[in-house]
Number of protein chains: 2
Amino acid sequence: MTNKIENRKSEIIRIAAKLFKEKGYSAVTMRDLAAEMGIKAASLYNHIRSKEDILNTIIISIAEAFTDGMKLIKASNDNCKEKLRQIIELHVRLSSQNIYGMASLNNDWMHLQNQQEYYKVLRANYENDFRKILEEGITSGDLINVKPEVMLFSILTTLRSLYLWIPKKEDLDLQELSETLYQILVEGINK
Amino acid sequence: MTNKIENRKSEIIRIAAKLFKEKGYSAVTMRDLAAEMGIKAASLYNHIRSKEDILNTIIISIAEAFTDGMKLIKASNDNCKEKLRQIIELHVRLSSQNIYGMASLNNDWMHLQNQQEYYKVLRANYENDFRKILEEGITSGDLINVKPEVMLFSILTTLRSLYLWIPKKEDLDLQELSETLYQILVEGINK
DNA sequence: GTCTATAGCCAGATAGAC
DNA sequence: GTCTATCTGGCTATAGAC
C-alpha cells in the first residue's frame, strides 16, 4: 500500500520536474501537471501535500546528493586535480541522472519556503568546499594564481549548466564527456 | 511629452527586470511591479501595453546587442584567440550594463509569445557564429582538438552566467575580469 | 484513487473619474 | 498620469460522492 503511494508520488515528482524545466515552477499549474498525468488536479492531493511539497522534494534530494558526493571527495587523500576530476564526474553523473530536477535546483530554489534556508546552507557549504580545493591547488602550485572566486564560478557555472545541453547529445558517452570537460576546464583550450 | 512617457517606460522596464531576476517573470505580478514603483497596477498600462510587452523589450534589446557585437567581431580580420578575447569582453560589458536583464534573457525567454521565434533565431545565429570561430581555431591548430560543441557550451555557459556573480564583486575591475576569464577559459587553470 | 463541484483568492487588464 | 472600481478568468486546495 505504502509502496503504491510512493510510486505514484515518484511519478508526480518526475513529471512535475519535466514541466518545471520547460516553463519554470511558477508557470506550471496543478492542472497542467494533472493533465500530463492523465488525471484531474484534485487527485494529485492524494499523493502530495501541496505544489511546494513537490518542489521541496525535487530540490532537496539533489542538493543532498551533491553534498554527499562532495563529502566523499573531501575525505579522500587525492591531490587537487584528482579532486577536480571527481567533482566533474559528480556533476556529470548527477546531472545526467536528473536532467529535469537540475533545472529546478538552479532556477526555482527561490520559491522554496520552509526549506529555503536549508538549501542555502547546503549550497554555501558546497561552494566553500569547492573553493578550498581550488585554494589548496593554488597554494601547492598545481593551479595558476588567479582569483579563486573567478576560477570557482567559471568552473561551477559550466557544471551547473550541464543539464541544459546533456539531453541534446544523447549519443554522448558520459565518461568521455567528463574527460573532455576536465581537459577544457583544467588544461584549457589553447594548444 | 513623448520623452516623458519613454522615461517612465524605461523606469518600469528597469524595475521589472530587477523583480524578474529575483523571482522569475511568472512569479512577478503587475501589482508587485506597481508597488515597487509607488503607483497602482492600473497606472502601469498608460506606459506599457501588457506584462509580456515588458519582457519583450527587456529580452530583445539585449539579444540584439549581442548580435550586433558578434557581427563586429566576425567582420574583423583577427585570429581565433583574439576573437575569443573580444567575445569575452562583449559578455562582460553587456552583462555588467544589464545585470537584471540578463536573468530574463537566460531564464524567461520561453514566456515570450510574439517574439519567441525571433529570439530563437538570434540565439541560434549567435551560437553558430561562436561555433564557427572555435572550429576555425581547431582547424588552424590554435585550439586543441576536442568536440567544438562541448567547447562552445563550456565557455558560453560561463559567460551567460556572469550576471549571477558580477554583482557580488562590485570592486571588480571589468577589464581585469575579462583578462582573468580569458586566462581561465582559454589557457586553463593548470600550471 | 479519482471524480465533480466549489471555496477563496489573486491574476492581467479595462473603464472612466479626476 | 494616476486613481478607484471592476470584469473575467485562473490559481491552489478542500469536501465529499463513488
Side-chain angles (χ1 to χ4, degrees), chain A residues 1-59 104 107-116, chain B residues 1-59 104 107-116:
Chain A
M1 196 69 128
T2 305
N3 261 341
K4 242 183 181 170
I5 289 173
E6 283 308 293
N7 289 340
R8 198 71 165 132
K9 178 168 178 175
S10 299
E11 192 185 355
I12 292 174
I13 302 292
R14 180 173 52 81
I15 295 184
K18 180 178 147 230
L19 295 180
F20 292 168
K21 174 170 186 283
E22 287 165 8
K23 302 201 294 176
Y25 172 76
S26 302
V28 174
T29 71
M30 298 302 274
R31 290 176 176 89
D32 291 338
L33 174 53
E36 195 80 8
M37 302 269 310
I39 58 177
K40 298 290 178 185
S43 307
L44 294 169
Y45 290 87
N46 266 297
H47 309 283
I48 50 99
R49 269 167 300 205
S50 64
K51 188 185 174 188
E52 198 218 337
D53 182 34
I54 300 174
L55 188 66
N56 277 335
T57 307
I58 293 171
I59 291 183
S104 299
N107 301 319
D108 285 320
W109 58 266
M110 74 284 282
H111 300 116
L112 293 175
Q113 291 169 21
N114 290 337
Q115 308 258 55
Q116 181 168 154
Chain B
M1 199 68 132
T2 305
N3 260 342
K4 242 182 180 171
I5 289 173
E6 282 310 293
N7 289 341
R8 199 75 167 127
K9 178 168 177 175
S10 299
E11 192 185 355
I12 292 173
I13 302 292
R14 181 174 50 82
I15 295 183
K18 181 180 146 228
L19 296 181
F20 292 167
K21 174 171 186 285
E22 287 165 8
K23 303 201 294 176
Y25 172 75
S26 302
V28 175
T29 70
M30 297 302 275
R31 288 171 175 83
D32 291 337
L33 175 53
E36 195 81 7
M37 302 270 309
I39 59 178
K40 297 293 177 182
S43 308
L44 294 169
Y45 290 87
N46 268 297
H47 309 283
I48 50 101
R49 269 168 300 207
S50 65
K51 188 185 176 189
E52 197 218 339
D53 182 33
I54 299 174
L55 188 66
N56 278 335
T57 307
I58 294 172
I59 291 182
S104 299
N107 301 319
D108 285 321
W109 57 267
M110 73 285 281
H111 299 116
L112 293 175
Q113 292 169 21
N114 290 336
Q115 309 259 52
Q116 180 167 155

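Below, read A as the first sequence line, B as the second, and so on, with proteins coming before strands; counting in each chain starts at 1.
Distance A/Ile12 CD1 to C/dG1 P: 10 Å, rounded to the nearest Å. The CG-P distance, from B/Leu19 to C/dG12, rounds to 12 Å in whole Å. Rounded to whole Å, the distance from CE on B/Met37 to C1' on D/dC3 is 15 Å. Between the NZ atom of B/Lys40 and the C1' atom of D/dT6 there is a distance of 15 Å, given to the nearest Å.
With hydrogens and angles left out, the side-chain atoms of A/Asn7 and A/Ser10 include no donor and acceptor closer than 3.5 Å.
A/Lys51 places a side-chain N or O within 3.5 Å of a backbone atom of A/Tyr25 that can act as its donor or acceptor partner. Side-chain atoms of B/Gln116 come within 3.5 Å of backbone atoms of B/Met110 as a donor-acceptor pair (strictly under, hydrogens ignored).
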Produce a footprint string for nucleotides 7-18 of chain D: one letter per nucleotide, 5' end first; B if the base is under 4.0 Å from any protein heavy atom, S if only the sugar-phosphate is, - if neither.
----BBBBB---
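Shortest non-hydrogen contact noted between A/Ala27 and A/Asp32 is O-OD2, 3.8 Å.
Remark: B/Ser43 is in phosphate contact with D/dC3, judged by side-chain N or O atoms under 4.0 Å from OP1 or OP2.
Atoms CG and CD1, on A/Leu112 and A/Ile59 in that order, are 4.0 Å from each other to the nearest 0.5 Å. Summarising the geometry, atom NZ belonging to A/Lys23 is positioned 7.0 Å from atom NE2 belonging to B/His111; distances are rounded to the nearest 0.5 Å.
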